[in-house]
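Everything on this sheet refers to the single structure shown next.
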2 protein chains.
Amino acid sequence: MEFEKAKETFIQTWGTLGSEWGINRTMAQVHALLLIAPEPLSTDDVMEQLRVSRGNANMNLRDLINWNLAERVIKAGDRKEYFRAEKDIWEIARRIAKERKRREIEPLKDVLKELRKVKGDKKDAGVKQFTETVEGLGDFVDKMDKSMDYLLKADEHWFFGTLLKAFK
Amino acid sequence: MEFEKAKETFIQTWGTLGSEWGINRTMAQVHALLLIAPEPLSTDDVMEQLRVSRGNANMNLRDLINWNLAERVIKAGDRKEYFRAEKDIWEIARRIAKERKRREIEPLKDVLKELRKVKGDKKDAGVKQFTETVEGLGDFVDKMDKSMDYLLKADEHWFFGTLLKAFK
DNA sequence: TTGAACTTTCAGAAATTATTGAAAATTTAA
DNA sequence: TTAAATTTTCAATAATTTCTGAAAGTTCAA
């Protein structure tokens, strides 16, 4: 495959995958673009390469920064801002995990904790099933969350080394 | 919190979480409804409790079956079909993991394998960064995929037991 | 067979989400 | 200061996704 075609495919694939996982397609595409860029890119580079508006490029670049997946780079003697993505895949995975945990798992844990206190007749089948489901889910989320904490502290080699050895 | 309010909150929360993870909100809500239902529900039950159309209810119930998260139940002497969700959270997690792996990770692996064969001057910075990114990503996805295979074979107690012990 | 009960389909409508582009705000060199 | 360069905002618009509801399809008891 030619390089230009491969780039295009990579950006498209990453964008599609992103939207399947609830991430704005363009944000994922901008991320892909930065991942394969050997040098930091400007907003204009992103606009040109992905054919999107300035507003859109700006917004998605800022979102990537909020996800801690990209950073601003200032070049001496240049008014423009440039953007560079973290390139280490393990580090990217950790940052995404950390962010989703903070944005989605922690609030879920809080809701489930509240729901465990539901009032109702424990003899009632509906109440009984509700309680069991919420408790089962709460325990599972807590375990996942704890596992995630270890993952966030671990380095890649140790993590996969231990994991793949443990589960051989 | 009152039972009815708790039910409502649970369904809403599960629906929101679903859409954050790229799953149709209504499908997640139907799933939530089935998860807390002590008995299998009919299409009409779903329509009534979630206030959605017959077409919508039917479609999302079928999707849940395609995800292997719900099954049809036939009651003797009743023409209607009923639906019951798998209630064991560990089993649900495994089925979702299995399905997303099949739908998303396997195709991604294929694309990355193709992209590794990109033609281009290895001295070119763009080609070099592209190759490194794609290779790093490919290796990472392979490891994740392998870990997932173990997870899919494991049972919950063993999985969390080993994992939480290994990473203490 | 027939027809009532039930399920599925799908074109059009509605709702949601993403994008544009121009104006406003900000920054910085001179 | 000034004004040019750049970034940010956001109302309007577009694109995408989801939902509705009625018609078509299927099943089954009699």
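Everything numeric in this text was worked out from a predicted model, so none of it was measured. A note on names: the letters A, B, ... follow the listed sequences, proteins ahead of strands, and every chain is numbered from 1.
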Can you give the donor-acceptor pairs under 3.5 Å from side chains of residues 109-116 of chain B to other protein atoms, not counting sequence neighbours?
residue: B:K109; atom: NZ; partner: B:D145; partner atom: OD2; Å: 2.6
residue: B:E114; atom: OE2; partner: B:K117; partner atom: NZ; Å: 3.0
residue: B:R116; atom: NH2; partner: B:E135; partner atom: O; Å: 3.1
residue: B:R116; atom: NH2; partner: B:D139; partner atom: OD1; Å: 2.8

Of all of residues 9-32 of chain B, which get a heavy atom below 4.0 angstrom from DNA chain D, listed by number?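 DNA chain D contact set from residues 9-32 of chain B: B:N24, B:T26.
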B:I74 atom CD1 is separated from D:dT27 atom P, nearest whole Å, by 12 Å
With [X] via side-chain hydrogen bond (donor to acceptor under 3.5 Å, both in side chains) - residues at least two apart:
X      : result
B:K122 : none
B:D121 : none
B:N66  : none
B:T43  : none

In plain terms, say whether A:E106 and A:R102 are close enough for a salt bridge, that is, a side-chain N and a carboxylate O under 4.0 Å apart.
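Result for this pair is no, no salt bridge flagged.
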Show every donor-acceptor pair shorter than 3.5 Å between a side-chain atom in residues 9-18 of chain B and any protein atom, with sequence neighbours excluded, or say none if there are none.
residue: B:T9; atom: OG1; partner: B:K5; partner atom: O; Å: 2.9
residue: B:Q12; atom: OE1; partner: B:Q29; partner atom: NE2; Å: 3.3
residue: B:T13; atom: OG1; partner: B:T9; partner atom: O; Å: 2.7
residue: B:W14; atom: NE1; partner: B:H31; partner atom: ND1; Å: 3.4
residue: B:T16; atom: OG1; partner: B:Q12; partner atom: O; Å: 3.0

Axial bend angle, the helix from C:dT1-D:dA30 to C:dA30-D:dT1: five-pair end segments, nearest 10°: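 Taking five pairs per end, the axes differ by 20°.
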Applied to residues 46-97 of chain B, the ring-ring contact (aromatic ring centres under 6.0 Å, His included) test, sequence neighbours excluded, yields B:W90-B:F159, B:W90-B:F160
Suppose the criterion is salt bridge (charged side-chain N to carboxylate O under 4.0 Å, His left out): which pairs have a residue in residues 149-164 of chain B, not counting sequence neighbours?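 Sorted pair list: A:K143-B:E156, B:K101-B:D149.
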Between B:D45 and B:S42, a side-chain donor and acceptor under 3.5 Å = yes
Requested in this report: Compute whether any side-chain donor of one residue and acceptor of the other, for B:R54 and B:N58, lie under 3.5 angstrom apart.
Outcome: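 There is no such pair between these side chains.
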Could you pull out the protein-nucleic contacts involving nucleotides 7-15 of chain D (nitrogen or oxygen on both sides, under 3.5 Å)?
residue: D:dT7; atom: OP1; partner: A:E81; partner atom: N; Å: 2.8
residue: D:dT8; atom: OP2; partner: A:N58; partner atom: ND2; Å: 2.4
residue: D:dT9; atom: OP2; partner: A:R62; partner atom: NH1; Å: 3.4
residue: D:dT9; atom: OP2; partner: A:R62; partner atom: NH2; Å: 3.2

- prompt: Is the closest side-chain heavy-atom distance between A:R94 and A:L151 below 4.5 Å?
  reply: yes
**First and last nucleotide of DNA chain C, 5' to 3', lying under 4.0 Å from heavy atoms of chain A** =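 Taking any atom under 4.0 Å from a heavy atom of chain A, the span is C:dA18 to C:dT28.
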